[in-house]
Amino acid sequence: VVTFATAPSRVDKTLQSRLAAVTADKVGGVSTATLESSELLRKTASSRFDWIGQTLSKYVSMATLQKWISQAALNTTASALFVQTAASAGIGFVIAMFFAPVLAIQLSVAGVCAALPWARVAFARYRRLRAFEKALPHAIDMMARSLRAGHSTSGAIEIMAQGAPEPACSEFSEVFRQQNFGLPLRDALMQLIDRVP
């Protein structure tokens, strides 16, 4: 009687099977999740070089580096950045071998070339954060006018997400999306501060 009374209902079973389909791992290289359910999961950038990131995570904060890359709005990963660094250094060293037979010059050229992928991330991050800073007053003005017009806070954020200049538009779109999925407004805004310090 106790087993029968505590058995999961049909709704519980359906819910459990749908959750299992969404969170299912790949079995034999083929995902067991359906296409519809797999689209519910947030996609994160990954690469075939993730093993490098796992190896270097003892020495470098990969989470901080990945945050910088996402703040730069680049479609790459921290692991791929290390591969790009090594490839740039190798190419620079080989090119320098043809023009300068001195090892010190070759190593210097390799070092400069190795810094290029990092400089690209730093420049893209700086440019995007400055663009957000420039767009923020206009976005806040839009929000203030929306609130004065009688919109709710959520509605005002949606208006900002639709009408603010980039990159404020995409950042506030993310805040609105997170809020729609049930994240409290304060937490969504704290995540915005983390993405755009």
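Starting from 1, each residue takes its place in the sequence as its number.
Hydrophobic clustering of Ile, Leu, Val, Met, Phe, Trp and Tyr side chains at less than 4.5 Å, counting indirect connections, keeps Leu189 apart from Leu183. Taken together through direct or relayed side-chain contacts under 4.5 Å among Ile, Leu, Val, Met, Phe, Trp and Tyr, Leu147 and Phe176 form part of one hydrophobic cluster. Taking hydrophobic clusters as Ile, Leu, Val, Met, Phe, Trp and Tyr residues chained together by side-chain heavy-atom distances below 4.5 Å, Ile140 shares a cluster with Leu192. Residues Val109 and Leu116 fall into different hydrophobic clusters, defined by Ile, Leu, Val, Met, Phe, Trp and Tyr side chains chained together at heavy-atom separations under 4.5 Å. In the hydrophobic cluster analysis, where Ile, Leu, Val, Met, Phe, Trp and Tyr join through side-chain heavy atoms closer than 4.5 angstrom, Met190 is grouped apart from Leu129.
For the pair Leu74 and Trp68, the minimum side-chain heavy-atom distance is 4.5 Å or more. Two residues are said to be in side-chain contact when any heavy atoms from C-beta on lie closer than 4.5 Å; Ile159 and Met142 meet this criterion. Between Phe82 and Leu65, the closest side-chain pair of non-hydrogen atoms falls below 4.5 Å.
Listed for the Gln71 side chain is a donor-acceptor partner under 3.5 Å among the backbone atoms of Asp194. A side-chain donor-acceptor contact under 3.5 Å links Gln106 to the backbone of Ala100.
From Ser173, atom OG reaches atom CD of Glu166 across 7.5 Å, with rounding to the nearest 0.5 Å. The CE atom of Met160 sits 11.0 Å away from the CZ atom of Arg145 when rounded to the nearest 0.5 Å. Here the CD atom belonging to Glu174 is positioned 12.5 Å from the CD1 atom belonging to Ile157, to the nearest 0.5 angstrom. Atoms CZ and CG, on Arg177 and Asn180 in that order, are 9.5 Å from each other to the nearest 0.5 Å. Annotation: the span from Met143 atom CE to Phe172 atom CZ amounts to 7.5 Å, rounded to 0.5 Å. Separation of atoms CZ (Phe132) and OG (Ser170) is listed at 8.5 Å; rounding is to 0.5 Å.
Heavy-atom minimum distance, Ala168 versus Ala135: CB-CB, 3.9 Å. Arg125 and Ala72 get closest at one heavy-atom pair: N-CB, 3.5 Å.
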Worksheet entry | Verdict with supporting geometry, Leu185 and Thr153, side chain to side chain contact (heavy atoms under 4.5 Å, CB included) | CA-CA 9 Å; Leu185 177 61; Thr153 305; 3.6 Å; yes
Practice prompt. May I have the step-by-step check of side chain to side chain donor-acceptor pair (under 3.5 Å) for Ser154 and Glu158, ending in yes or no?
Written response: CA-CA 6 Å; Ser154 177; Glu158 183 181 13; over 6 Å; no
Fill in: Step-by-step side chain to side chain contact (heavy atoms under 4.5 Å, CB included) determination, Val175 to Arg195
CA-CA 11 Å; Val175 171; Arg195 291 193 306 273; 4.0 Å; yes
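Salt-bridge check for Arg128 with Glu171: passed, with a basic side-chain N closer than 4.0 Å to an acidic carboxylate O.
In the displayed structure, Arg120 atom CZ is contacted under 6.0 Å by at most 12 heavy atoms of other residues, nucleotides or ligands. The number of heavy atoms from other shown groups lying within 6.0 Å of CZ (Arg130) is above 12.
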Let me have the donor-acceptor pairs involving side chains of residues 85-96, under 3.5 Å, with sequence neighbours excluded, atom names and distances please.
| from | atom 1 | to | atom 2 | distance (Å) |
| --- | --- | --- | --- | --- |
| Thr85 | OG1 | Leu81 | O | 2.8 |
| Thr85 | OG1 | Trp118 | NE1 | 2.7 |
| Ser88 | OG | Gln84 | O | 2.8 |

